[in-house]
Engineer: 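Input: one structure, supplied below.
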Amino acid sequence: MAKSEIPKAYDATNYEDGIYAAWEASGLFNPDNLPGDRPEAFSIVLPPPNVTGTLHMGHAVMLAIEDIMVRFARMRGKKALWIPGTDHAAIATSTKVENILFKTEGKTRHDVGREDFLRRVEKFAQDSHDTIVNQAKKMGASLDWSREAYTLDAKRNHAVNVAFKRMYDDGLIYRGHRVINWDPVGQTTISDIEIVYKEVEATLYTFRYAKDFPIAISTTRPETKVGDTAVAVHPDDERYAAFIGKTFENIPFAGTTISIKVVADKEVDPTFGTGALGVTPAHSLIDADIAARHGLAMKQVIGADGRMTVDAGTLVAGQTTKEARGSVAAWLREQGLIEREEKTMQNLATAERSGGTVEPIPMLQWFMAVRKEFERNGKTVTMCSMMRDAVESGKTKIVPERSEKTFFQWADNLRDWNISRQLWYGHRVPVWYRNDETFVGIEAPEGDGWTQDPDTLDTWFSAGMWTFTTLGWPEKTADLATYHPTSILETGYDILFFWVVRMMLMTTYLMDEVPFKLVYLHGLVRDEQGRKMSKSLDNIINPLDMIAKYGADATRLSLVIGSTPGNDSKLSEEKVAGYRNFTNKLWNISRFILSSVDDNHVPPPDRQEGTGVVVASTLADRWILSRLDAVVASVTRKLEANELSAAGEELRDFTWNDFADWYLEIAKVQKGSEVERDEGSKGTDAILMTVLETLMKLWHPFMPFVTEQIWSSFKGTTLMVEAWPTVAGNCDESVERDFDLVRDVTTAIRTIRSERRVEPKAEITASLGVADRRELLVDQASVISQLARLSSLSFDGALPDAGIPIVNVQVASILVSVETPGTTVDPEKEKARLEAERDQLDAYVASTDAKLANAEFASKAPEKVVAGMRAKRDEAKAKLDAILTQLSS
RNA sequence: GGGCGCAUAGCUCAGUUGGUUAGAGCGUCACAUUGACAUUGUGAAGGUCGGAGGUUCGAAUCCUCCUGCGCCCACCA
């Protein structure tokens with residue numbers, strides 16, 4: 001191949017879109033179309049991005065990691081399936097469209113009505129979906145688009161209804177009047193995880209309900225106190241022991257009448273405030289729990305509109321909570337009931353999406369009973385216990401392992417899950433009412449007069465069923481049988497509790513199996529200073545910008561290499577640029593090889609063995625093939641263990657430091673050198689091609705585009721479905737050790753020359769401290785010619801005198817400097833250098849000797865360690881001797 | 001308040017069951033470079049592995065305490 005055909009630098013933008021289109025057209029993302037017999041399945045479901053936005057770094061890192069896993073599995077001959085999809089993200093999408101509607105037309109969703117509003121949301125979701133799908137393709141994600149799903153499409157809706165009905169029939173979904181988190185702005189219930197706490201200043205009032213009431217209490221929310229039904233104190237609190245169990249009836253309080261029972265509850269902190277807690281069962285989740293324990297009455301004083309109810313009494317009825325707070329505080333002051341007013345900091349619960357202040361209020365809602373006992377496989381279990389058991393038994397593993405602890409905490413503390421939302425966008429609760437009748441079904445009931453429940457389901461309800469609804473559940477599909485449980489769930493650790501917990505919960509119950517065998521949690525991508533990327537900080541690095549500038553391959557590497565599961569990573573544009581450089585390096589390695597090898601390259605007879613395995617002749621040949629084998633084995637093992645970063649790092653080191661910097665340089669010499677035997681460069685060419693092809697395969701999961709481009713340019717086939725390389729049996733540790741010596745000699749000579757400690761002369765005397773000299777003679781010649789070339793010394797091809805006793809490489813370099821005629825060494829400088837080295841070696845040898853002399857060490861340390869230390873010590877001793885000789889002369 | 005984690009070279013981080021003189025990338029400095037690549041090459045400097053104890057023949061690695069950060073949950077009535 002002529003060099004001119006290959007551009008000097010790799011410009012990713014010229015190739016990536018075309019390559020992706022070709023992959024897509026090939027149909028090979030769909031495992032049904034993969035060649036060969038593939039008994040083993042591998043499956044991942046893509047954590048569905050919300051249809052609210054565009055691709056961000058979180059998506060990019062997720063796509064990069066999962067694509068590596070899937071491509072690796074595919075090349076290893078597995079039936080590899082990666083299912084794409086998007087999430088309707090009910091509350092997020094709905095809020096976004098409501099905001100747009102209000103901004104552009106000044107209307108609310110109620111102004112346009114349910115039907116019209118839903119049309120608008122669907123239009124928005126569709127546009128957003130198309131954007132994000134195209135962006136995923138830019139990353140090179142090998143997703144099977146033929147199986148794409150949406151959490152709110154017809155199939156998934158059917159599945160949701162089936163699940164709802166089954167859980168309702170089993171008594172695990174129920175409707176109840178309970179205290180929930182109400183968002184008065186969004187006009188919907190929200191879950192605990194959708195609450196964000198803001199620190200605000202508040203006034204803490206300490207007061208009594210009445211002058212003659214024996215206990216003072218503290219609150220930051222006096223307006224809710226009209227709904228109090230009890231005062232709780234700690235059971236051991238002697239101050240209040242006398243009052244426990246007493247009820248104070250009909251206390252006139254802020255325009256209403258209240259009755260307060262004194263109860264003992266160990267949840268009360270006796271050291272906080274007065275040590276007594278005014279219990280407002282309807283407007284605090286904690287108080288509701290206390291009320292339930294003591295059978296207290298619940299009195300709702302705040303309505304869904306955020307205003308005080310009629311029950312709140314004449315003083316505050318109709319007022320907003322804020323107005324009422326002032327009213328009640330003023331009333332308390334007038335009555336002289338306040339003992340203290342102090343400023344305090346308070347965590348205010350606000351709704352993540354709408355920003356509204358969350359009010360706990362009692363409402364009729366749908367719940368999932370996660371702690372309700374039932375029989376399953378002959379055992380009494382709960383949804384929580386099933387989920388916990390799945391991880392405890394190892395059916396599902398979580399990496400990093402420490403996350404399992406956090407998971408258990410969730411499993412142990414989960415409350416009943418409020419699944420209904422007063423939103424329009426989402427899965428409508430499949431329940432219909434007529435007079436006093438309730439119908440729960442997959443389809444609407446027959447007959448007239450039925451009204452469907454207006455609420456929709458929490459978005460995590462359908463998301464919790466994602467691994468199996470994407471595979472066709474509730475139908476008994478072939479996909480379901482083949483690909484479930486899925487192999488890996490890969491997602492950010494920040495979503496473990498939102499999503500992973502819900503999936504475990506619903507899947508263990510509905511499928512009686514785990515949703516995935518492994519949870520792999522990646523960290524957050526932060527900016528180079530370690531800050532979260534955010535609009536307000538203006539520090540967002542857009543993955544699409546990086547792809548446009550440096551290519552998808554470089555972007556992927558920068559996200560994967562150097563980051564470990566569960567840990568956050570920092571990203572800077574320089575890092576991406578660094579990997580762009582590597583992409584270009586790989587390109588130029590290929591460019592050199594493809595343009596310099598003889599098209600008729602064949603391994604000469606003595607380099608062939610069995611079925612086309614290349615057997616190297618020279619030390620360098622054997623070294624690179626040995627290294628290649630080691631790298632194939634190690635990278636394969638690391639990828640199997642999902643150590644993506646370590647695998648990538650090792651590959652980069654081999655590619656750049658071993659193959660490009662050393663073997664390629666030597667290959668140039670070998671190809672043109674007189675010392676090359678028989679078939680000349682053709683054998684070297686064969687090795688170059690072997691390494692190149694293997695490297696392309698190894699790199700492909702990480703850098704699919706550039707490797708595919710290079711591969712197809714000389715192979716004409718699709719790299720994506722090539723078989724993963726296997727170890728060829730060329731591993732030879734002694735060869736690697738010998739080559740390391742050569743490398744040291746070469747380096748030493750270069751150093752000597754660059755420090756001008758010798759003048760270039762016409763001959764070199766160097767030798768190698770290796771075991772079998774004969775075997776190495778030919779290799780030495782090539783090595784030394786390489787040394788000569790690199791150090792600009794001429795070399796006549798003569799072999800070195802085998803009689804020179806050289807102990808080790810370091811000595812070899814010294815001999816060169818001293819024995820070569822024309823030495824211009826600065827004696828002082830050289831002496832200082834040698835002395836420093838002597839001291840260092842001296843200390844090392846002494847300490848190692850001491851260790852080896854220790855009887856306990858000798859008896860307890862493994863033989864391998866002792867032998868290794870001894871060998872290294874001997875090497876150092878020899879070096880030391882040579883230096884001492886030098887210094888004395 | 002409960003839980004989890006981090007601290008290793010100037011910066012970003014590896015370090016897989018405790019074991020041979022602690023590694024990489026970037027950055028810095030020096031030198032080199034006209035055919036694969038300046039998106040380059042070679043080398044150097046740079047670390048008492050946060051501190052103090054302990055276990056052990058042996059600790060960056062295990063235990064205890066301390067210091068400084070970070071995160072999650074609960075929640076301040």
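Since we're looking at a predicted model, the values are computed, not measured. Proteins get letters first, then strands, A, B, ... in listed order; numbering begins at 1 in each.
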Engineer: Atom CG of L664(A) and atom P of rC37(B): how far apart are they, to the nearest Å?
Structural biologist: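 Those two atoms, CG and P, are 12 Å apart.
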Engineer: Please pick, from rA77(B), rU21(B), rA36(B), the nucleotide with the shortest atom-to-atom distance to any side-chain atom of K225(A).
Structural biologist: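 Nearest nucleotide to the side chain: rA77(B).
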Engineer: Just to verify, which of E693(A), R591(A), M696(A) counts as forming a side-chain contact (heavy atoms from CB on, under 4.5 Å) with I710(A)?
Structural biologist: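 Answer after filtering E693(A), R591(A), M696(A): M696(A).
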Engineer: Donor-acceptor pair, E404(A) side chain versus I398(A) backbone, under 3.5 Å?
Structural biologist: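 Yes, because the side chain of E404(A) sits within donor-acceptor range (under 3.5 Å) of the backbone of I398(A).
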Engineer: In whole angstroms, how far is the C1' atom of rU17(B) from the CZ atom of R637(A)?
Structural biologist: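 So the CZ-C1' distance, R637(A) to rU17(B), works out to 13 Å.
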Engineer: Per the salt bridge (charged side-chain N to carboxylate O under 4.0 Å, His left out) rule, what does the pair list look like for residues 275-286 of chain A, sequence neighbours excluded?
Structural biologist: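 Not a single pair qualifies under salt bridge (charged side-chain N to carboxylate O under 4.0 Å, His left out).
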Engineer: Mind checking S403(A) for me? I need base, sugar-phosphate or nothing, with any heavy atom below 4.0 Å counting as a touch.
Structural biologist: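 No contact.
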Engineer: Considering only atom P, compute the distance from rG68(B) to rU21(B) and round it to an integer number of Å.
Structural biologist: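 Straight-line distance between the two P atoms is 36 Å.
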Engineer: Which of parallel (below 30°), tilted (30 to 60°) and perpendicular (above 60°) describes Y10(A) and W587(A)?
Structural biologist: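 Tilted: the ring planes of Y10(A) and W587(A) meet at 30° to 60°.
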Engineer: Check every strand shown and say whether W587(A) touches a base, only sugar-phosphate, or nothing at a heavy-atom separation below 4.0 Å.
Structural biologist: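 W587(A): no heavy atom of the nucleic acid under 4.0 Å.
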Engineer: What integer distance in Å separates E401(A):CD from rG3(B):C1'?
Structural biologist: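 Computing the E401(A):CD to rG3(B):C1' distance gives 17 Å.
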Engineer: When you compare the ring of F592(A) with the six-membered ring of rC37(B)'s base, are the centres less than 5.5 Å apart and the planes under 30° from each other?
Structural biologist: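 The ring of F592(A) is not stacked on rC37(B).
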Engineer: At 4.0 Å (heavy atoms only), tell me whether F582(A) reaches a base, stays on the sugar-phosphate, or touches nothing.
Structural biologist: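 The answer is nothing, as F582(A) stays clear of every strand by at least 4.0 Å.
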Engineer: Taking 4.0 angstrom as the limit, do E359(A) and R221(A) come out as a salt bridge?
Structural biologist: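 Yes, E359(A) and R221(A) are salt-bridged.
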Engineer: How far, in whole Å, is rG25(B) from rA9(B) if one measures between their C1' atoms?
Structural biologist: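 So the two C1' atoms sit 12 Å from each other.
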Engineer: Is the phosphate of rG3(B) approached by K405(A) (side-chain N or O, under 4.0 Å from OP1 or OP2)?
Structural biologist: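 For K405(A), the contact criterion (side-chain N or O under 4.0 Å from OP1 or OP2 of rG3(B)) is not met.
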Engineer: For W417(A), is the NZ or CZ atom of R502(A) found under 6.0 angstrom from the centre of its six-membered ring and inside 45 degrees of the ring axis?
Structural biologist: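 Yes.
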Engineer: What integer number of Å spans the P atoms of rG5(B) and rA52(B)?
Structural biologist: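 After rounding to an integer number of Å, I get 24 Å for this pair.
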Engineer: Please determine, for the side chain of L204(A), which listed nucleotide (rA77(B), rC75(B), rG5(B)) has the closest atom?
Structural biologist: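 Within the option list, the nearest is rA77(B).
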Engineer: For the residue pair E573(A) and I541(A), establish whether any side-chain heavy-atom pair is separated by less than 4.5 Å.
Structural biologist: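 No. Closest side-chain heavy atoms not under 4.5 Å.
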Engineer: S590(A) side chain N/O closer than 4.0 Å to the phosphate oxygens (OP1, OP2) of rA36(B)?
Structural biologist: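 Checking rA36(B) against S590(A), no side-chain N or O comes under 4.0 Å of OP1 or OP2.
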Engineer: With respect to the side chain of D661(A), which nucleotide from rU16(B), rU42(B), rC57(B) is positioned closest?
Structural biologist: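 Given the options rU16(B), rU42(B), rC57(B), the side chain of D661(A) is closest to rU42(B).
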Engineer: Which is true for K8(A) with a 4.0 Å heavy-atom rule: it touches a base, it touches only sugar-phosphate, or it touches nothing?
Structural biologist: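 Sugar-phosphate, no base atom in range.
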Engineer: Check the orientation of Y209(A) and F213(A). Use parallel for under 30°, tilted for 30 to 60°, and perpendicular for over 60°.
Structural biologist: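 Judged by the thresholds at 30° and 60°, the geometry between Y209(A) and F213(A) is perpendicular.
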Engineer: Salt bridge check: are R415(A) and D289(A) linked by an N-O gap of less than 4.0 Å?
Structural biologist: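 Yes, R415(A) and D289(A) are salt-bridged.
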Engineer: Output the rounded distance in Å from CG (D874(A)) to P (rU21(B)).
Structural biologist: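 To the nearest whole Å, that distance equals 14 Å.
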Engineer: OP1, OP2 of rG2(B) versus side-chain N and O of N413(A): anything below 4.0 Å?
Structural biologist: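 It does not, given that no N or O in the side chain of N413(A) lies less than 4.0 Å from OP1 or OP2 of rG2(B).
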Engineer: Nearest of rU16(B), rG19(B), rG3(B) to any side-chain atom of K638(A)?
Structural biologist: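 My answer, after comparing the listed nucleotides, is rU16(B).
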Engineer: Please determine, for the side chain of K872(A), which listed nucleotide (rU39(B), rU16(B), rU21(B)) has the closest atom?
Structural biologist: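 Closest nucleotide to the K872(A) side chain: rU21(B).
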Engineer: Roughly, in whole Å, what's the span from CZ in R652(A) to C1' in rC26(B)?
Structural biologist: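 That distance rounds to 10 Å.
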Engineer: Quick one: label T219(A) by what it contacts on the DNA or RNA (base, sugar-phosphate, nothing), any heavy atom closer than 4.0 Å.
Structural biologist: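 Sugar-phosphate: the residue T219(A), judged by heavy atoms under 4.0 Å, touches backbone atoms but no base.
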Engineer: Nearest to the side chain of N581(A), heavy atoms from C-beta on, is which of rU42(B), rU39(B), rA36(B)?
Structural biologist: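 Selected nucleotide: rU39(B).
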Engineer: Please confirm whether the shortest side-chain N or O distance from K570(A) to OP1 or OP2 of rU12(B) is below 4.0 Å.
Structural biologist: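 Indeed, a polar side-chain atom of K570(A) lies that close.
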Engineer: Among rU39(B), rA36(B), rU20(B), find the nucleotide with the atom closest to the side chain of R580(A).
Structural biologist: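 The answer is rU39(B).
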Engineer: Using the C1' atom on both, measure rA59(B) against rU55(B) and round to a whole Å.
Structural biologist: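 Comparing C1' positions in rA59(B) and rU55(B) gives a spacing of 10 Å.
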Engineer: Could you give the distance separating rU40(B) and rC57(B) at their C1' atoms, to the nearest angstrom?
Structural biologist: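 Pairwise C1' distance, rC57(B) against rU40(B), rounds to 49 Å.
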Engineer: Heavy atoms under 4.0 Å, any strand shown: does Q840(A) hit a base, just sugar-phosphate, or nothing?
Structural biologist: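 No contact.
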Engineer: Can you identify which nucleotide, out of rC57(B), rA14(B), rC71(B), has its nearest atom closest to the N854(A) side chain?
Structural biologist: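 The answer is rC57(B).
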Engineer: Let me know, please, whether R402(A) or R873(A) comes out on the 5' side of the other along RNA chain B by nearest nucleotide.
Structural biologist: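 Residue closer to the 5' terminus by nearest nucleotide: R402(A).
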Engineer: Consider the side chain of P862(A), meaning its heavy atoms from C-beta on, and name the nucleotide among rA77(B), rG19(B), rC75(B) that approaches it most closely.
Structural biologist: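 Between rA77(B), rG19(B), rC75(B), the one nearest the side chain of P862(A) would be rG19(B).
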Engineer: Any salt bridge linking R531(A) with D527(A)? Criterion: basic side-chain nitrogen under 4.0 Å from a carboxylate oxygen.
Structural biologist: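 Salt bridge present between R531(A) and D527(A).
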Engineer: Please give the distance between the C1' atoms of rA24(B) and rU17(B) as a whole number of Å.
Structural biologist: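 It works out to 23 Å between them.
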Engineer: On the nucleotide rA77(B), are OP1 or OP2 found under 4.0 Å from the side-chain N or O atoms that Q346(A) carries?
Structural biologist: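 Q346(A) to rA77(B) OP1/OP2: side-chain N or O found under 4.0 Å.
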Engineer: What's the CG-P distance between D269(A) and rC75(B), to the nearest Å?
Structural biologist: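 After rounding, the gap between these two atoms is 14 Å.
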Engineer: Within this structure, what is the OH-to-P distance between Y844(A) and rA22(B), rounded to whole angstrom?
Structural biologist: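 To the nearest whole Å, that distance equals 9 Å.
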Engineer: For F702(A) and W699(A), I'd like to know if the aromatic rings sit close, meaning centre-to-centre distance below 6.0 Å.
Structural biologist: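 Centroid distance F702(A)-W699(A): below 6.0 Å, so yes.
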Engineer: Using Watson-Crick pairs (N1 to N3, plus N6-O4 or O6-N4) and G-U wobble pairs, both distances under 3.5 Å, which stems of at least 3 pairs involve RNA chain B?
Structural biologist: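 Output for stems: B:1-7 with B:67-73, B:10-13 with B:23-26, B:28-32 with B:40-44, B:50-54 with B:62-66.
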Engineer: Sticking with atom P, work out how far rG70(B) lies from rU12(B), rounded to a whole angstrom.
Structural biologist: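 Here rG70(B) and rU12(B) have their P atoms 15 Å from each other.
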Engineer: For rC57(B), take OP1 and OP2 only and decide whether either is under 4.0 Å from a side-chain N or O of K860(A).
Structural biologist: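 For K860(A), the contact criterion (side-chain N or O under 4.0 Å from OP1 or OP2 of rC57(B)) is met.
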Engineer: Using the C1' atom as the point on both nucleotides, what is the distance between rC49(B) and rG23(B), in whole Å?
Structural biologist: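 The same atom, C1', in both gives a distance of 12 Å.
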Engineer: Specify the separation, in whole Å, of atom CG of L277(A) and atom C1' of rC75(B).
Structural biologist: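 So the CG-C1' distance, L277(A) to rC75(B), works out to 12 Å.
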Engineer: Quick check: on RNA chain B, is the nucleotide nearest E267(A) upstream (toward 5') of the one nearest K585(A), or the reverse? Name the residue that is more 5'.
Structural biologist: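 Final value for this comparison: K585(A).
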Engineer: Phosphate oxygens OP1/OP2 of rC57(B): is one of them under 4.0 Å from a side-chain N or O of K851(A)?
Structural biologist: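 False: K851(A) side-chain N/O out of range (4.0 Å or more) of rC57(B) OP1/OP2.
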Engineer: Taking the side chain of I286(A) as heavy atoms from C-beta outward, which of rC57(B), rC75(B), rA24(B) is closest to it?
Structural biologist: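 Nearest to the side-chain atoms of I286(A), counting from C-beta on, is rC75(B).
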Engineer: How would you label the contact of T564(A) with the nucleic acid (heavy atoms, under 4.0 Å): base, sugar-phosphate, or nothing?
Structural biologist: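 Touches sugar-phosphate only.
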Engineer: To check you understand the geometry: which heavy-atom pair defines the closest contact between R208(A) and I215(A), and what is its length?
Structural biologist: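 Of all heavy-atom pairs spanning R208(A) and I215(A), the closest is NH1-N, 3.6 Å.
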Engineer: Tell me what A660(A) touches on the nucleic acid: a base, only sugar-phosphate, or nothing, going by heavy atoms under 4.0 Å.
Structural biologist: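 Result for A660(A) = base.
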